[in-house]
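Okay, so here's the structure we're looking at.
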Amino acid sequence: MDHLTSQRRSERLERLERLERTIQNELVPRLMTSHRVGPVSPAMAAAAARVLSEGDVQAFVAAVRSPDDGRGAQFVRTVLAEGATVEAVYLDLLAPSARRLGDMWDNDECDFVEVTVALGRMQRLLRDLSQVFLAESGHAEPVGNILLTCVPGEQHTLGIIMVGEFLLRDGWRVLVGAPWTESDLLSMVATEWYDVIGFSVGTESRLSVLRRDIRRLKQASRNTNVQVMVGGQLFADDPSLADQVGANAIASDARQAPAIARSLLTAARAGLSEAHRTEGLGEYGQFREALRRE
């Protein structure tokens, strides 16, 4: 009997602890968020946030592929109203949805036109959310200049636009654009100061082109110490490819990109005069129009 009583007491305590954790981690944050009762700690805010799942990704992909041009936007408005953060929409909805569309194209589940239309809708959504996302920035000082692009021949730029948003929020002066020709890139780096050049690569067949472009851009750059950051699933799967193409660092996703880019600044400005060290700063929060014209 004593053993059974002790076991029941232990079970009741365990249930009470679970209930307490539920109240603390879920119910209280949601109530405080709903009724705006004082400040919510980051941990509590995270507990109250809407978690985006694989099912959400599948539903969103179906929405942006539908004939209704507004279904994708409505889906995003709904998950934001339910508590999802803009950063979660970027990283846990738009990014995996873009990868899902790429897989569907590779598997002949949809054609190039469908993928292009869907990614175009997603890109508009990203831009619509931009001001809310950038308002979260806590940086007051400019960081430096960064140029982001794809290897010539690749069509979709959603990934580098998203990386640009995270860098802009971090204080970088960002130029993002569709793939330029090699001559355009050489002219750009020769006439304007860049601390970092970022490339997104989607297919292994482009690596030889990337290796050539990186070598020539470093030779032509106004900044003789310009650093190169690369991203894309290829480098996530095989980081050694970065050394093979002559890159200085890999950014595995948009969230990591600002910290990786900052880690390259010391090398980008090594041995330079004060005038050169400040040349790349520009104005905080500047996003060049090459992105907006796409």
Side-chain angles (χ1 to χ4, degrees), residues 52-80 84 86-134 147-168 174-180 198-206 210 230-237 251-255 257 287-294:
L52 295 167
S53 65
E54 175 61 28
D56 290 316
V57 172
Q58 294 177 5
F60 179 69
V61 168
V64 293
R65 291 183 65 201
S66 76
D68 183 352
D69 190 55
R71 270 189 64 189
Q74 181 57 53
F75 188 95
V76 169
R77 286 194 293 270
T78 298
V79 297
L80 288 172
V86 175
E87 181 170 315
V89 169
Y90 278 11
L91 297 178
D92 300 329
L93 189 67
L94 297 184
S97 294
R99 290 193 293 271
R100 171 66 179 148
L101 285 165
D103 291 341
M104 293 175 73
W105 183 16
D106 289 341
N107 297 328
D108 293 325
E109 296 177 52
C110 59
D111 60 28
F112 177 77
V113 173
E114 285 183 281
V115 172
T116 300
V117 170
L119 289 175
R121 289 170 173 173
M122 291 165 61
Q123 191 164 307
R124 288 198 302 273
L125 282 169
L126 190 154
R127 291 172 179 168
D128 289 343
L129 294 170
S130 177
Q131 292 306 311
V132 177
F133 181 68
L134 298 179
L147 167 66
L148 300 176
T149 188
C150 296
V151 174
E154 297 196 353
Q155 301 298 318
H156 302 299
T157 59
L158 180 73
I160 60 167
I161 292 173
M162 193 177 301
V163 170
E165 291 279 311
F166 277 79
L167 287 161
L168 183 61
V174 183
L175 174 61
V176 180
W180 287 289
F199 278 99
S200 174
V201 185
T203 57
E204 190 171 356
S205 62
R206 305 290 181 186
L210 177 61
V230 292
Q233 194 58 45
L234 284 174
F235 298 104
D237 293 340
S252 59
D253 59 35
R255 183 186 286 118
F287 215 145
R288 296 282 296 282
E289 284 299 310
L291 168 61
R292 307 303 180 190
R293 289 198 300 267
E294 282 191 336

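Atoms considered below: every heavy atom in the structure, side chains included; atoms not considered: hydrogens, waters and symmetry mates.
- Between V57 and P96, the shortest heavy-atom contact is CG2-CG, 3.9 Å.
- Here OG of S205 is found 11.5 Å from CG of L210. Values are rounded to the nearest 0.5 Å.
- Exactly one of L91, V174, D253 qualifies for a side chain to side chain contact (heavy atoms under 4.5 Å, CB included) with F166. That residue is L91.
- Between V176 and L167, every side-chain heavy-atom pair lies at or beyond the 4.5 Å cut-off.
- Residues Y90 and L129 form a side-chain contact, since some pair of their non-hydrogen atoms from C-beta on lies under 4.5 Å apart.
- D56 pairs by the salt bridge (Lys or Arg N to Asp or Glu O under 4.0 Å) definition with R50, not counting sequence neighbours.
- For the pair V61 and L101, the minimum side-chain heavy-atom distance is below 4.5 Å.
- In this structure, the ring-ring contact (aromatic ring centres under 6.0 Å, His included) partners of F60, at least two apart in sequence or on a different chain, are F75.
- The closest side-chain donor-acceptor pair between R71 and Q74, if any, does not fall under 3.5 angstrom.
- Under the salt bridge (Lys or Arg N to Asp or Glu O under 4.0 Å) criterion, R255 pairs with E87, sequence neighbours left out.
- With rounding to the nearest 0.5 Å, the separation of CD in Q123 from OG1 in T116 is 11.0 Å.
- Considering only residues two or more places apart in sequence or on other chains, D106 meets the side-chain hydrogen bond (donor to acceptor under 3.5 Å, both in side chains) condition with none of them.
- Checked against ring-ring contact (aromatic ring centres under 6.0 Å, His included), F199 has no partners two or more places apart in sequence or in another chain.
- With sequence neighbours left out, the salt bridge (Lys or Arg N to Asp or Glu O under 4.0 Å) criterion links R100 to E109.
- In plain terms, the two heavy atoms of R65 and C110 that are nearest each other are NH2-CB, 3.6 Å.
- Here the CG-CD1 distance, from L147 to I160, works out to 9.0 Å after rounding to the nearest 0.5 Å.
- Looking at M104 and E114, their side chains never come closer than 4.5 Å, going by heavy atoms from C-beta outward.
- Looking at every heavy atom in both residues, G72 comes nearest to V64 through CA-CG1, 4.0 Å.
- In this structure, OG in S97 is found 13.5 Å from CZ in R121, a value given to the nearest 0.5 Å.
- Heavy atoms only, all atoms of each residue included: A98 and L119 are closest at CB-CD2, 4.0 Å.
- R124 is listed as a side-chain neighbour of D69, based on a closest heavy-atom distance under 4.5 Å.
- Taking all atoms of both residues into account, the shortest heavy-atom contact from E165 to S130 is OE1-OG, 2.9 Å.
- In this structure, L234 and R206 have side chains that are not in contact, with every pair of non-hydrogen atoms separated by 4.5 Å or more.
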